[in-house]
Engineer: 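What follows is a single structure, and I will ask about it in a moment.
Order of the sequence lines fixes the chain letters, A, B, ..., with proteins taken first and strands second; residue numbering starts at 1 for each chain. Quick caveat, the model's predicted, so the values are computed rather than measured.
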There are 2 protein chains.
Amino acid sequence: MASGRTLANEAWEALLSAHATTMKRVAAQDTWTEISIREYDVLYTLARCDEPIRISELHRHVLLSQPALSRLVDRLTRRGLVERQPDAADGRSVRLSLTTDGRAVQRQAGRRHARSVARALTARLSRPELSALEAICLKLAGQAPAPSATTPAAPRRPADD
Amino acid sequence: MASGRTLANEAWEALLSAHATTMKRVAAQDTWTEISIREYDVLYTLARCDEPIRISELHRHVLLSQPALSRLVDRLTRRGLVERQPDAADGRSVRLSLTTDGRAVQRQAGRRHARSVARALTARLSRPELSALEAICLKLAGQAPAPSATTPAAPRRPADD
DNA sequence: AGTAGGTACATGCAAACGCATGTACCTGGG
DNA sequence: CCCAGGTACATGCGTTTGCATGTACCTACT
């Protein structure tokens, strides 16, 4: 009998394998001459936000340590793709938003990236499988099924271990 | 309304989110004092192999550049966890296997790791969801021929690619 | 008000990474 | 046999990362 432990570990291993394989396929594209995938990840997250967000919020979306993210944002700021503004409500915090250039770079890379991702996934998974994958992964990530606002006010993340 | 492109991209974003979130939860455990997660990944892959494997084969399982993997193996060798042997059939190649110490370290870290992974996944996903996730991810990784969502735990071999 | 403790981000430093390239070896055409 | 081209792994070098820690700020309790 496959215990819950074993089943969960097999599922995790499969997810890791799918992630690594697809990531390699996507990274092999010629999309990443201007910016790296990690930089794109930051630009993309910023592009999805209506209001400037904090670094700590950004940190929740990115698999990087806080210092690494801080310096990554620093580089993007120096390159004129991201703008830093002080937070009126909190003196410790920094608000980040895309510049016009940053949005343009994100859009251009995003178009190619979306194409190669779609190519990689639709070649192997059917539409129902894609839907199921999305639903399960969102649940695993601890998000509501509705992909709505990105406002940081509502603490809708159960921060359990 | 959701085109195949959009659906695929949403699924990929969900997978990335699930990966990052779960990875952070797992990385926050105190499992990684002896070895890092990436080092464990290598030890685990070696532990699953009956015969010594090449670095290039290892490289297919790990999301690292070839030079980075080469040096990671170098460190593990210097620490006495991995053994390098020349390949009789191919003079360019190197065969890798775990030492007794390496196997012990892998087992100890693996036990804790498996527990925390199981905790993270079973807290959020049901058994059918775990099965479906595994099946879809294996298919996405290019390893599973079965299209059914309710795949029984067949004795799957560590096939290459 | 003063202070202890927590949060948000930055920085010093050693370790690790990716890219380009080097070295050794294998393979196939002449 | 020789050599061009490809594969497998290693190494030089500049960049990036993580850990530990520092700085500035907010919060709460006394």
Engineer: Within a strict 4.5 Å, meaning less than it, do heavy atoms of the A:Leu7 and B:Leu121 side chains meet?
Structural biologist: no
Engineer: B:Arg54 has an atom CZ; how far is it from atom C1' of D:dT7, in whole Å?
Structural biologist: 9 Å
Engineer: Nearest whole angstrom, please: distance from the C1' of C:dA8 to the CG of A:Leu69.
Structural biologist: 12 Å
Engineer: Check whether any side-chain heavy atom of B:His19 sits under 4.5 Å from a side-chain heavy atom of A:Leu63, and report yes or no.
Structural biologist: yes
Engineer: The side chain of A:Arg75 lies closest to which of these nucleotides: D:dT16, C:dA20, C:dA8?
Structural biologist: D:dT16
Engineer: Hey, which of these two, B:Arg95 or A:Asp90, hits DNA chain D nearer its 5' end, going by closest nucleotide?
Structural biologist: B:Arg95
Engineer: Rounded to the nearest angstrom, tell me the gap between atom CE in A:Met23 and atom P in C:dG18.
Structural biologist: 12 Å
Engineer: Quick one: label A:Ser65 by what it contacts on the DNA or RNA (base, sugar-phosphate, nothing), any heavy atom closer than 4.0 Å.
Structural biologist: base
Engineer: Side chain of B:Arg92, heavy atoms from C-beta onward: which of D:dA8, C:dA8, D:dG18 has the nearest atom to it?
Structural biologist: D:dA8
Engineer: Measuring from the side chain of B:Gln66 (C-beta onward, heavy atoms only), which nucleotide among C:dG18, D:dC9, C:dC25 has the closest atom?
Structural biologist: D:dC9
Engineer: When you get a sec, tell me which of C:dC17, D:dT11, D:dC19 is the closest nucleotide to the side chain of B:Leu64?
Structural biologist: C:dC17
Engineer: Rounded to whole Å, please give me the gap between CH2 in A:Trp32 and P in C:dC19.
Structural biologist: 13 Å
Engineer: Output the rounded distance in Å from CG (A:Asp87) to P (D:dA24).
Structural biologist: 18 Å
Engineer: Output the rounded distance in Å from CD1 (B:Ile55) to P (C:dA24).
Structural biologist: 17 Å
Engineer: On the nucleotide D:dC25, are OP1 or OP2 found under 4.0 Å from the side-chain N or O atoms that A:Ser93 carries?
Structural biologist: no
Engineer: To the nearest 0.5 Å, tell me how far B:Met23 CE sits from B:Ile37 CD1.
Structural biologist: 5.5 Å
Engineer: Under 4.0 Å from OP1 or OP2 of C:dT7: is there any side-chain N or O of A:Ser56 that close?
Structural biologist: no
Engineer: Determine whether B:Glu129 and B:Ser126 satisfy the following criterion, side-chain hydrogen bond (donor to acceptor under 3.5 Å, both in side chains), listing intermediate values before the conclusion.
Structural biologist: CA-CA 5 Å; B:Glu129 285 169 337; B:Ser126 66; 3.3 Å; yes
Engineer: Judged by atom type as modelled, is there a donor-acceptor pair below 3.5 Å linking the side chain of B:Arg48 to the main-chain atoms of B:Tyr44?
Structural biologist: no
Engineer: Measure from the side-chain heavy atoms of A:Arg71 and tell me the nearest of C:dC19, D:dC19, C:dC9.
Structural biologist: D:dC19
Engineer: Just checking A:Leu72: base, sugar-phosphate only, or nothing, at a heavy-atom cut-off of under 4.0 Å?
Structural biologist: nothing
Engineer: If you pin A:Ala89 and A:Arg38 to their nearest nucleotides in DNA chain D, which one's is more 5'?
Structural biologist: A:Arg38
Engineer: Out of C:dA8, C:dA10, C:dC19, which has the shortest distance to the side chain of B:Pro67?
Structural biologist: C:dC19
Engineer: Separation of A:Arg84 atom CZ from C:dA8 atom P, in whole Å?
Structural biologist: 16 Å
Engineer: A:Ile35 has an atom CD1; how far is it from atom C1' of D:dT15, in whole Å?
Structural biologist: 17 Å
